[in-house]
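To keep things clear, I will list the structure first and then write my remarks on it.
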Amino acid sequence: NAGVTQTPKFQVLKTGQSMTLQCAQDMNHNSMYWYRQDPGMGLRLIYYSASEGTTDKGEVPNGYNVSRLNKREFSLRLESAAPSQTSVYFCASSDRGTGPSGNYGYTFGSGTRLTVV
Amino acid sequence: QKEVEQNSGPLSVPEGAIASLNCTYSDRGSQSFFWYRQYSGKSPELIMSIYSNGDKEDGRFTAQLNKASQYVSLLIRDSQPSDSATYLCAGGGTGGFKTIFGAGTRLFVKA
């Protein structure tokens, strides 16, 4: 049971280059998320997909695009990388129900450490 | 701006002691709260969830929620060196699509 798998684990880009971060989960979760983590700032939501076929912006979507390819896969694309996008990127997934306990918490992937020079 | 605030630490406790981690949140609409543990260079791991006022215990961990005070805490009993990590507090609404994370408290357990 792999959980949430992210690729690549490390990447160095030059300013202006593009790349796609891949994420796949095998837990049959409906919802998937992309976060970035910067020192002292915690995890910030970039985009999320509540269910297959839907995507929505989070707190810091500028400079990013996403694709929910199917229920398992959710990719994050940087069209023109900037040094401000140097960060650790985490993909996560969750199942959900209804009512206050409908948020069951997230399972995170191992992360992608991206440096833009 | 919805926020979750944590003391960044480091919080240092001796082995075997109780570690107390605290968190406050600004969004009164938050209905679900979580504690994640993150070892250095690793991804966050869910360790506790709590939805109702009061205490919830799971092994050595106890989560406490006080919605009137907008306060969440995590107690770790019989702390072990392996508990040394950063603990992230998070809060979200139903469905959890916009869960907000605190910046984390770093815990160091001295052997």
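Numbers restart at 1 for each chain; the letters A, B, ... are given by sequence-line order, proteins then strands. Heavy atoms only: backbone and side chains are in, while hydrogens, waters and symmetry mates are out.
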In chain order, what residues pass the side-chain contact (heavy atoms from CB on, under 4.5 Å) check against B/Ser12, with sequence neighbours excluded? B/Phe108, B/Lys110

Do the rings of B/Tyr25 and B/Phe33 sit parallel, tilted or perpendicular, given the 30° and 60° boundaries? tilted

With a 4.5 angstrom heavy-atom cut-off, which part of A/Phe108 approaches chain B: side chain, backbone, both or neither? both

Under a 4.5 Å heavy-atom cut-off, does chain B meet the side chain of A/Arg44, its backbone, both or neither? neither

Given a strict heavy-atom distance threshold of 4.5 Å, which part of B/Glu45 is in contact with chain A: side chain, backbone, both, or neither? neither

Taking the six-membered ring for Trp, is the centroid-to-centroid distance between B/Phe101 and A/Tyr35 below 6.0 Å? yes

Below 4.5 Å from any heavy atom of chain B, which atoms of A/Lys9 appear? Answer side chain, backbone, both or neither. neither

Part of A/Leu45 lying under 4.5 Å from any heavy atom of chain B: side chain

Should the pair B/Phe34 and B/Tyr51 be assigned to parallel (<30°), tilted (30 to 60°) or perpendicular (>60°) ring geometry? perpendicular

Using a cut-off of under 4.5 Å for heavy-atom pairs, which of B/Gly104, B/Pro44, B/Gly41 has the most such pairs with chain A? B/Pro44

State, without any angle test, whether A/Arg77 and A/Thr20 hold a side-chain donor-acceptor pair at a distance under 3.5 Å. yes

